[in-house]
**Student:** 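Supplied in structure tokens, the structure appears directly below.
Note that ligands are numbered from 1 as they come in the structure, with each ligand's atoms numbered from 1 the same way. These numbers come from a predicted model, not from an experiment. Numbers for residues simply follow the sequence, beginning at 1.
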Amino acid sequence: MKSYTEHLWFNTSKRIEFINITDKVEQAVKKSGIKEGIVLVNAMHITASVFINDDESGLIEDYKGWLAKLVDPKGYYKHNLTGEDNAYAHLMRTIMGREVVVAITSGKLDFGPWEQIFYGEFDGQRKKRVMVKVIGE
Ligand code: ZN
């Protein structure tokens, strides 16, 4: 069994942002040389997510509206009594998830129709990373 690990770095200009990282994950799989296996892609921070969905601009705007309804960024949170202001970002990360696992078949990401991998940033404007770990043969 082979294994290959890579870290992707992000520093978003907005505090909340969604970035399609499918190409970067595909490149990591290619570099690994693995033809049959799985790739794990996970956010290394508790205020960011990795998730899979459609790359459709309306839907990406819909996440922002939907998340803001569930978790008001300006709401009252006990976590913010510690001097932080990012309780909403921890909660949004929990809703959107930490990681994804994708099958690799014949050296390619084996997706369902329209599936794309996204990095979801909820407390951006600073350097953060995502781990990509490819295992297989
Ligand atoms: Zn915090």
**Student:** Please report the C-alpha distance between Asp72 and Lys69 in whole Å, then the side-chain angles of each, then the deciding distance to 0.1 Å, and finally whether the salt bridge (charged side-chain N to carboxylate O under 4.0 Å, His left out) criterion is met.
**Tutor:** CA-CA 6 Å; Asp72 177 3; Lys69 268 187 228 164; over 6 Å; no
**Student:** Mind counting the protein N, O or S atoms sitting less than 2.8 Å from the Zn ion (ligand 1)?
**Tutor:** 4
**Student:** Contact between Val130 and Phe10 at the side-chain level, heavy atoms closer than 4.5 Å - yes or no?
**Tutor:** yes
**Student:** Above 12 or not: heavy atoms from other molecules or residues under 6.0 Å from NZ of Lys108?
**Tutor:** no
**Student:** Within the structure provided, determine whether Tyr63 and Glu61 are in side-chain contact (heavy-atom separation under 4.5 Å).
**Tutor:** no
**Student:** Do Asp85 and Arg15 sit within salt-bridge range, that is, some charged N less than 4.0 Å from a carboxylate O?
**Tutor:** yes
**Student:** Just list the side-chain donor-acceptor pairs under 3.5 Å for residues 33-51, sequence neighbours left out, or say none.
**Tutor:**
{"residue": "Glu36", "atom": "OE2", "partner": "Ser106", "partner atom": "N", "Å": "2.8"}
{"residue": "His45", "atom": "NE2", "partner": "Arg129", "partner atom": "N", "Å": "3.0"}
{"residue": "Thr47", "atom": "OG1", "partner": "Lys128", "partner atom": "NZ", "Å": "2.7"}
{"residue": "Ser49", "atom": "OG", "partner": "Arg93", "partner atom": "O", "Å": "3.3"}
{"residue": "Ser49", "atom": "OG", "partner": "Gly97", "partner atom": "O", "Å": "2.7"}

